[in-house]
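Because the structure is predicted, anything quoted here is derived from the model rather than measured. Read the numbers this way: they start at 1 and go in the same order the structure lists the ligands and their atoms.
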Amino acid sequence: MKSHIGLAEWAMLLEKKEVSSVEAVNYFVERIEKNNVALNSFITVDADEARRAASVIDERRARGEALSTIAGIPFGVKDAINTAAMRSTGAAKILDNYTPTFDSSVIKKIRDAGGILIGKHNCDAFGHGASNENSMYGAARNPWDVSRVAGGSSGGSAASIAADLNAFAIGEDTGGSIRGPASFCGVSGLKVSYGRTSRYGAMPMASSLDTVGPFARSAEDIAMIMQHIAGHDPLDATTARATVPNYVAEIKKPIQGLKIGVPREFFMDELDTSIRMAVETTIKEFESLGAKIIPVSLPHTSYAVPTYYILVPCEDSSNLARLDGIRYGVRGAAEDLYHTYTASRESGFPAEVKRRIMIGTFALSHEHFDSFFVQAQKVRTIIKQEIEAVFNTVDVMITPTTPEVAFTVGDKSADPLKMYLSDIFLSSASLAGICALSIPCGLINGLPIGLQIMAPRLGEARALQCGHQFQQITSWHTQYPLL
Ligand code: GLN
């Protein structure tokens, strides 16, 4: 079987019955068995259930039923997203034994369209992290160099695409968790606009920023997935009621005359020179496609990380209160109720989760609420308005996704501030609720570089169109690590 093929090709092979869905499952299961020990990309795999679901699709195809473009294609999901009858740990031991009775809405939509769930991806516990090292199941490794991190928090999902362990993946991005790992692993990943897809069933981290979105090999593959997952959901009141565009058709349009903003604050002195050069080269590629490059400025960019790391722990601390050993998951042994809570939370959460709960509780306390929480909300509004103002003059903005390539496991894990700062190019889009795509745009010493394409809220089609047109004239997205 040909390896590392995109969704359109999978769809064609399945449709022409050159490959059956069961064969596709077997192909990926074999690759997982061979590579997961080194990569630690999956926490849970259910090969039997995947084969069963695949054989149902194969039978339906044999009967000549009209099936969706993703029917029969195996995919995996970040473990912080609930999946019916498949263990969902959030990469924290407190949910080690938790198997949901329901599918999150995005997963339900994909399963209804015939997608085959193969397993659950490793991630930082509850999405807290930028390297996947905060997983209580060990860090997911980068397939380009297993001594390096896959990125976080959806590291297992990005690594699984780079290593061809499933055809596409669903992750979650609150402050960069899809874009960062996509950049480190050399795959395409889309942080959707807040409300473009349903958050129902995604374990809540920071409810005012959480988004559920896809990873795949190319912008075109992502457009195919978006067609199935975008849209209003009665189970999530924050989903937009806006119509869902025909992404697959929109991305084919040329970008002649499109205005691309380049915000100068994202090209500061500390930026790795090779990354700067790679992004400057992409700017030339976009010019060759007829786009107009316009220098722009987002002066409050440096406030995004501090603002994010006040607001997110506040929401985290409140959302995580439900995990107390009583309602779900593993219960710590203790004699009374109070100590049952503390024993469950003490052993069930990693250090970073506890740190967030403490920072959030502190910032929300009566004494500090105005100076931290309220102040951060005000800065969030300024950042959002500043970005919206720039989008009155340009169609999209391009920046590097991360200031450096994948770092070595252990490099930053002892220094939370260093880790937080790796989100420097990612937090702004999250605070503003806009969408942002990361696609590969180069390699330094065999490690991928990511390009971030930000578009206005609900402008996913625009971001994907730029990504797709870029991928029509370049081949970074077709590169993969040899395992
Ligand atoms: N690095 C970010 C954090 O730790 C990423 C979170 C996310 O997007 N889930 O908060």
(message) For Phe42, is there any backbone N or O sitting under 3.5 Å from a side-chain donor or acceptor partner on Asn36?
(response) yes
(request) Apply side chain to side chain contact (heavy atoms under 4.5 Å, CB included) to the pair Lys412 and Ser131, showing each step before the final yes or no. (result) CA-CA 9 Å; Lys412 296 183 196 231; Ser131 66; over 6 Å; no
(message) With ring pair (Phe, Tyr, Trp, His ring centres under 6.0 Å) as the rule and sequence neighbours excluded, what pairs involving residues 168-218 come up?
(response) Phe75-Phe168, Phe102-Tyr200, Phe184-Phe407
(message) Within the 3.5 Å criterion, strictly below it, is a donor on Thr44 or Asp79 matched to an acceptor on the partner's side chain?
(response) no
(request) Show the protein residues that qualify under the rule heavy atom under 4.0 Å from an atom of ligand 1, listing them in chain and number order. (result) Gly127, His128, Gly129, Ala130, Ser153, Glu172, Asp173, Thr174, Gly175, Gly176, Ser177, Met205, Tyr308, Tyr309, Arg356, Asp423
(request) Check the angle between the aromatic planes of Phe349 and Phe126 and answer parallel, tilted or perpendicular using the 30° and 60° thresholds. (result) perpendicular
(message) Please determine whether a side-chain nitrogen of the Lys or Arg among Lys354 and Glu346 lies less than 4.0 Å from a carboxylate oxygen of the Asp or Glu.
(response) yes
